[in-house]
Amino acid sequence: MAEAPAVLDGHPYAAFLDRVEKPARYTGGEVGSVVKDWGSVEATVCLAFPDVYDIGMSHLGFKILYKLLNDDPRTLAERCYAPWKDVEAELRERNIPLVSLESKRKLRDFDVVGFSLQFELTYTNILLMLDLGGVPLRSSDRGEDDPLVIAGGPVATHPEPVSAFIDAVVIGDGEEKATEVALTWTRLKKAGVPRRERLATLAKLGAVYVPSLYRTEVDPETGFQLVKAPIEKGLPLPIERALVDLDKYPFPAVSPTGGPEAIFDRVSIEIARGCTEGCRFCQAGMIYRPVRERDPEQVVNTVLEAVRASGNDEVSLTALSTADVSCISPLIKKVADKLAKERVSMSVSSLRAYGLEPDLLDELKRVRATGLTFAPEAGTQRMRDVVNKNVTEEQLLETAERIFSRGWDRMKLYSMIGLPTEEDADVAGIVEMGARTAGVGRKIGKKNVEVTVSVSTHVPKPHTPFQWAAMNTLGEVARKQDLLRQTVRNYRNVKLKTHGAEASVLEGIFARGDRSLCDVLERAYRNGARFDSWDDRLRLDVWEEAFAHFGTDRSRFLNTIPVTARLPWDHIDVGLEEGFLAREYRKALQNRLSPPCGKVAGTFVHHTNVEDAVADQRRLVCYDCGVACDMTQMRSERVDFLRRLGANKRLPLITDAPMAAPAVEAPVDGEADEAIEQAPAPVKKAPPMKGRGGFLYRIRFEKTGAMALLGHLDVVRELPRVFRRVGERMVYTKGFHPKPDMVFSPALSLGVASLDEYADVRLERALEPAEVASLVERMNTASPSGLRFRGAALLGPEDAAISRVIRGARYVLAFARSALVVPPGQTAEEMLASACRAAMAAPSLPIRREIEGIGKVVDVRKYLLSAEVGGAEARAALERAGLLGDLVTLDVFVEITGSGAAKSSEIAAVISGEGGVAPAHRAIRLELFGGSANARFSPLDLAAVKSALGRERAAASAAPAPVLASADAE
């Protein structure tokens with residue numbers, strides 16, 4: 001099949017990118033990305049995330065390691081994400097390797113390929129990425145020149161099911177180990193040290209587990225394959241975790257931003273690592289001990305810098321339990337004060353359903369949160385005691401009253417089924433708890449209260465008190481979900497969400513699995529298992545066949561495990577004292593609570609001010625879990641954090657705070673507001689626009705290369721980010737959800753480049769003429785690859801909006817000469833010239849257009865103004881857009897009217913296609929114009945625009961000017 005000219009010349013995927021879902025997942029070039037010279041560094045590292053770009057771009061650990069490695073002149077880091085099924089198919093059909101985003105190098109070219117192990121159901125994607133990247137799947141098959149395949153993350157604490165495929169596993173915090181491992185490996189390799197000896201050296205660094213260097217045996221009691229001993233002297237057993245001081249590794253403010261919409265399209269800032277609550281199902285709460293809080297002043301500075309660098313309009317403060325960060329209330333207040341001035345909203349992750357002080361809720365209300373999510377985890381007090389969720393029904397309902405009384409009308413409650421000792425009354429209690437929560441809202445007069453109860457299936461995880469507990473069977477989970485559905489029918493204000501349990505059972509098998517699962521994993525992968533965490537991609541038949549092929553007894557991984565048994569992850573030491581988890585498990589079976597550690601017994605939140613914190617000298621709870629916590633230092637550090645945030649006394653309540661972010665405030669107590677100081681002073685020479693306020697500018701830009709592969713909405717999202725990066729504030733619309741006030745020229749189809757695009761945007765200040773040119777230059781330095789700004793002009797009160805100015809477009813259609821079927825005796829140019837003449841002579845050129853599955857016939861001839869073979873100007877446009885090769889072009893003018901326009905692909909189809917299908921081609925929008933094709937002018941030529949519209953008004957006797965029909969615009 002003939003192919004169109006490549007949008008991204010030189011990209012290995014160029015020939016097919018515009019035909020796949022979200023092509024910008026694979027192009028790179030985002031703001032904040034780093035491309036270093038390979039010849040200038042000692043070690044090259046590919047950070048490989050085994051899920052799609054949309055998810056991986058939001059991962060905090062990736063951001064930390066990316067900046068850390070790229071800030072070091074000795075190392076570089078590039079990124080690679082798991083390709084979706086369409087790209088995998090293209091790569092296999094064309095025999096093209098999976099490559100990194102930055103330099104487009106295949107994975108096997110790197111010294112180190114590092115995987116992030118966040119979830120057991122991404123294991124098949126690890127094999128997918130190695131396979132497509134040219135790296136042998138199994139560690140035993142890798143040669144001297146193959147890269148080191150390393151892994152880290154929370155799932156790295158129980159890595160045996162992937163041990164055959166990973167050379168080395170970093171246990172614990174990766175900040176210190178990433179650079180050390182990469183440099184050690186490459187230096188030994190350059191010195192000619194054999195691969196096996198290099199691996200042994202890594203194993204001796206500490207916190208690095210090399211599975212191939214350890215011998216296993218089958219435990220007769222359980223049938224588990226257990227790590228018995230190292231196969232050579234000097235290797236550690238158990239392998240202890242790495243633990244870093246977070247203050248030595250500030251959270252990165254700058255990281256790659258942009259591209260297709262990420263799942264969490266916001267700036268996320270880690271404010272603490274670890275948790276004090278001790279929930280018995282939570283692996284992270286156990287393996288990340290002790291709690292380490294980041295310096296709050298450092299957090300505030302990072303937030304502001306991250307907003308400026310990324311251009312995002314939302315910030316999220318993240319921790320395992322943000323409400324338990326000791327200075328969370330004054331920290332939120334200080335961050336909210338700064339962000340309100342920048343029109344940036346804030347969310348706070350992982351709140352729990354009790355102990356939220358009114359002042360904290362008031363601060364959250366200021367930053368436009370429309371609903372809040374809590375995780376009581378269970379519906380009855382008995383079950384909350386079992387899981388050690390230190391919350392009572394009274395506290396939950398008190399929190400609900402505080403939330404609903406402050407204007408919110410929605411809450412989401414997360415709970416689990418399948419917990420140890422659970423009974424049917426506990427299951428039904430989940431919905432009933434939601435109903436009582438909604439009842440609080442109705443009691444205080446809220447008419448539209450809605451409580452969503454989201455229920456997942458519990459998976460017993462290693463290194464938790466529930467690591468020995470049985471997991472519910474699929475049949476039992478289905479029965480409990482049906483009980484939930486029956487119960488929720490009785491409550492109008494409660495919505496229920498459940499999740500398929502099949503994936504949870506597979507997760508449970510691999511969470512508590514051993515090395516015998518490596519063979520199962522590889523067979524399932526080779527038979528088509530991919531993206532197992534995605535419901536529509538999970539292939540249960542493939543997994544059933546793989547388990548059956550090897551005779552795997554899945555019950556031994558899912559049933560109750562004796563507390564005295566040795567476990568497949570016992571060789572990994574996460575810092576907990578032997579016996580601590582078993583004690584907590586026994587307390588769970590007796591419905592007994594363990595109060596949160598690091599707090600005074602009976603206290604649910606930390607003191608929010610210095611006065612109260614200093615006055616309270618009661619002892620802090622400590623369970624001697626094996627993690628060495630300095631309680632004296634912990635107490636003094638908390639007081640110091642509060643003092644530095646200015647939280648000397650209890651915060652006053654904000655009883656009438658508006659839901660929307662407030663207007664700009666003056667600095668408090670002489671405090672300099674950094675963002676205000678850096679913005680240029682307002683210029684008052686130009687008259688402000690009436691009505692919506694601010695100053696209206698018309699911006700001209702082009703989008704080529706990677707930007708041509710972004711959808712229109714992604715481009716719309718990017719422009720406010722660019723303005724925020726250069727420090728120019730936009731005017732926002734009114735209403736409950738204000739948005740940047742801007743209007744764009746007609747949208748383009750995916751894959752169509754443009755050299756002439758426009759947007760009308762409102763800025764808060766007027767710019768001097770010299771500043772306008774400077775603004776364009778600054779915007780170009782703050783834009784992703786392929787987005788270039790070419791001009792700007794201040795509009796006056798009488799200037800027409802862009803939608804009233806544009807009357808037509810000029811396109812260059814480029815065909816690969818080899819793609820055209822040319823009759824004998826003719827050239828491609830002669831054939832196309834004849835087709836153009838026939839098209840212009842035709843009374844109509846109908847073509848069928850599909851819009852969201854609905855068909856509609858469009859007469860292209862109605863919009864076609866002219867069409868001819870392109871000349872020198874068309875060839876110059878191809879060069880500017882980066883389209884190369886032996887190409888034949890058409891130069892086409894199209895009218896844009898109130899009823900719509902013809903798309904470039906439709907024009908190509910009616911002129912040179914067959915059966916309504918265009919031959920392989922590429923389109924460039926060369927020009928948007930006002931007037932007519934023969935007397936056209938640029939929308940940026942304001943004098944010509946005003947003159948032309950004045951003549952039209954006079955001639956049309958006050959007839960309204962046409963307005964673009966966006967549904968039909970290209």
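Start at 1 with the first residue, then count along the sequence.
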Query raised in the report: Do any N or O atoms from the side chain of Asp532 and from the backbone of Leu538 form a donor-acceptor pair under 3.5 angstrom?
Result: no

**Report entry** Glu577 and Arg583 ion-paired at < 4.0 Å
**Finding:** yes

Query raised in the report: With a 4.5 Å heavy-atom cut-off, do Leu101 and Glu78 have their side chains touching?
Result: no

Query raised in the report: Does Gly172 offer a backbone N or O that forms a donor-acceptor pair with the side chain of Tyr288 under 3.5 Å?
Result: no

Report task. Before giving the answer on salt bridge (charged side-chain N to carboxylate O under 4.0 Å, His left out), spell out for Arg280 and Glu584 the whole-Å C-alpha distance, their side-chain angles and the decisive distance to 0.1 Å. Result -> CA-CA 7 Å; Arg280 290 167 179 149; Glu584 284 296 301; 2.9 Å; yes

Report task. Classify the angle between the aromatic ring planes of Phe62 and Tyr81 as parallel (below 30°), tilted (30 to 60°) or perpendicular (above 60°). Result -> tilted

Report task. Check Arg142 against Phe165 and note the closest heavy-atom contact, atom names and distance. Result -> NH2-O, 2.7 Å

Query raised in the report: Which pair of heavy atoms, one from Pro568 and one from Leu226, lies closest together, and at what distance?
Result: N-CD2, 3.6 Å

Report task. Answer whether the closest heavy-atom distance between the side chains of Pro83 and Leu98 falls below 4.5 Å. Result -> yes

Query raised in the report: Val181 and Leu205: side-chain contact (heavy atoms from CB on, under 4.5 Å), yes or no, with the steps?
Result: CA-CA 8 Å; Val181 167; Leu205 293 177; 4.2 Å; yes

Query - Residues Leu130, Phe115; criterion side-chain contact (heavy atoms from CB on, under 4.5 Å); working and verdict - result: CA-CA 10 Å; Leu130 291 174; Phe115 284 97; 3.7 Å; yes

Query raised in the report: Between Asp245 and Lys248, is there a side-chain N and carboxylate O pair less than 4.0 Å apart?
Result: no

Query raised in the report: Quick one: does Pro159's side chain get under 4.5 Å of Ile166's, heavy atoms only?
Result: no

Requested in this report: Step by step, work out the side-chain contact (heavy atoms from CB on, under 4.5 Å) result for Tyr585 and Gln467.
Outcome: CA-CA 9 Å; Tyr585 184 39; Gln467 64 183 353; over 6 Å; no

**Report entry** Evaluation steps, side-chain contact (heavy atoms from CB on, under 4.5 Å), between Phe251 and Ile271
**Finding:** CA-CA 8 Å; Phe251 191 83; Ile271 61 175; over 6 Å; no

Query raised in the report: Between Arg554 and Phe547, is any pair of side-chain heavy atoms under 4.5 Å apart?
Result: yes

Query raised in the report: Does the Thr222 side chain pair with the main chain of Phe224, one donor and one acceptor, at a distance under 3.5 Å?
Result: yes

Query raised in the report: Between Met57 and Arg25, is any pair of side-chain heavy atoms under 4.5 Å apart?
Result: no

Query raised in the report: Looking at side-chain heavy atoms only, is the closest gap between Lys190 and Leu188 below 4.5 Å?
Result: no

Report task. Go through the steps to decide whether Arg292 and Glu270 satisfy the test salt bridge (charged side-chain N to carboxylate O under 4.0 Å, His left out), and finish with yes or no. Result -> CA-CA 11 Å; Arg292 288 155 290 163; Glu270 181 193 50; over 6 Å; no

Query raised in the report: Under a 4.0 Å N-O cut-off, is there an ion pair linking Lys177 with Glu180?
Result: yes

**Report entry** Glu507 bridged to Arg512 by N-O distance under 4.0 Å
**Finding:** no

Report task. Could you walk me through whether Thr44 and Asp111 pass the side chain to side chain donor-acceptor pair (under 3.5 Å) test, one step at a time? Result -> CA-CA 5 Å; Thr44 58; Asp111 296 314; 3.2 Å; yes

Query raised in the report: Within the distance-only criterion (no hydrogens, no angle test), does the side chain of Tyr13 pair as donor or acceptor with the backbone N or O of Val99 below 3.5 angstrom?
Result: yes

Query raised in the report: Do His571 and Tyr214 make the cut of ring centroids closer than 6.0 angstrom?
Result: no

Query raised in the report: Given Thr184 and Arg198, is the side chain to side chain donor-acceptor pair (under 3.5 Å) satisfied, shown in steps?
Result: CA-CA 8 Å; Thr184 300; Arg198 281 180 262 157; over 6 Å; no

Query raised in the report: Can any side-chain N or O of Asn527 pair as donor or acceptor with the backbone N or O of Val542 at less than 3.5 Å?
Result: no

Query raised in the report: Between SG of Cys518 and CG of Leu137, what distance do you get to the nearest 0.5 Å?
Result: 11.5 Å

Query raised in the report: Quick one: does Arg515's side chain have a donor or acceptor within less than 3.5 Å of a partner on Pro211's backbone?
Result: yes

Query raised in the report: Can you tell me how far the CG atom of Leu183 sits from the OG1 atom of Thr75, to the nearest 0.5 Å?
Result: 6.0 Å

Query raised in the report: Do the side chains of Pro230 and Arg215 get nearer than 4.5 Å, heavy atoms only?
Result: no

Query raised in the report: Is there a side-chain contact between Ile509 and Arg556, using heavy atoms and a 4.5 Å cut-off?
Result: no

Query raised in the report: Are the side chain of Thr302 and the backbone N or O of Ala253 linked by a donor-acceptor pair below 3.5 Å?
Result: no

Query raised in the report: Checking Arg294 side chain against Asp247 main chain: does a donor-acceptor pair fall under 3.5 Å?
Result: no

Query - Heavy atoms from other residues, nucleotides or ligands near CZ of Arg92 exceed 12 (cutoff 6.0 Å) - result: yes

Report task. Check for a donor-acceptor pair, side chain of Ser139 on one end and backbone N or O of Ala164 on the other, with a separation under 3.5 Å. Result -> no

Query raised in the report: Which pair of heavy atoms, one from Ala501 and one from Thr457, lies closest together, and at what distance?
Result: CB-OG1, 4.0 Å

Report summary line: dist Asn125:CG -> Glu88:CD (nearest 0.5 Å) comes out at 9.0 Å

Query raised in the report: Charged N to carboxylate O under 4.0 angstrom, Arg79 versus Glu30?
Result: yes

Requested in this report: List the atom of Ser212, the atom of Ile231, and the distance in Å for their closest heavy-atom pair.
Outcome: O-CD1, 3.6 Å

**Report entry** Rounded distance [0.5 Å steps], CD in Glu102 versus SG in Cys46
**Finding:** 8.5 Å

Requested in this report: Hey, can you tell me if His458 and Phe466 have their rings parallel, tilted or perpendicular (30° and 60° cut-offs)?
Outcome: perpendicular

Report task. State the CD-OH distance between Glu90 and Tyr26, to the nearest 0.5 angstrom. Result -> 10.5 Å

Query raised in the report: Does the pair Arg566/Glu217 count as a salt bridge with the N-to-O cut at 4.0 Å?
Result: yes

Report task. Please test Asp324 against Ser321 for side chain to side chain donor-acceptor pair (under 3.5 Å), starting from the C-alpha separation and ending with a verdict. Result -> CA-CA 6 Å; Asp324 293 300; Ser321 180; 2.5 Å; yes

Query raised in the report: Sub-3.5 Å donor-acceptor pair from the side chain of Arg273 to the main-chain atoms of Ala319, do we have one?
Result: no

Report task. Give a yes or no on whether the ring-centroid distance for Phe510 and Trp543 is below 6.0 angstrom. Result -> yes

Report task. Drop me the distance from Thr216's OG1 to Lys228's NZ, to the nearest 0.5 angstrom. Result -> 11.5 Å

Report summary line: For Arg187, the side-chain hydrogen bond (donor to acceptor under 3.5 Å, both in side chains) test, sequence neighbours excluded, returns Glu42

**Report entry** Passing candidate, salt bridge (Lys or Arg N to Asp or Glu O under 4.0 Å) with Arg138, options Asp131, Asp146, Asp167, Asp519
**Finding:** Asp519

Report summary line: Tightest non-hydrogen contact, residues Thr124 and Ala529, listed as CB-O, 3.5 Å

Query raised in the report: Partners of Lys67 by salt bridge (Lys or Arg N to Asp or Glu O under 4.0 Å), sequence neighbours excluded?
Result: Asp71

Query raised in the report: For the rings on Tyr53 and Trp84, is their centre-to-centre separation under 6.0 Å?
Result: no

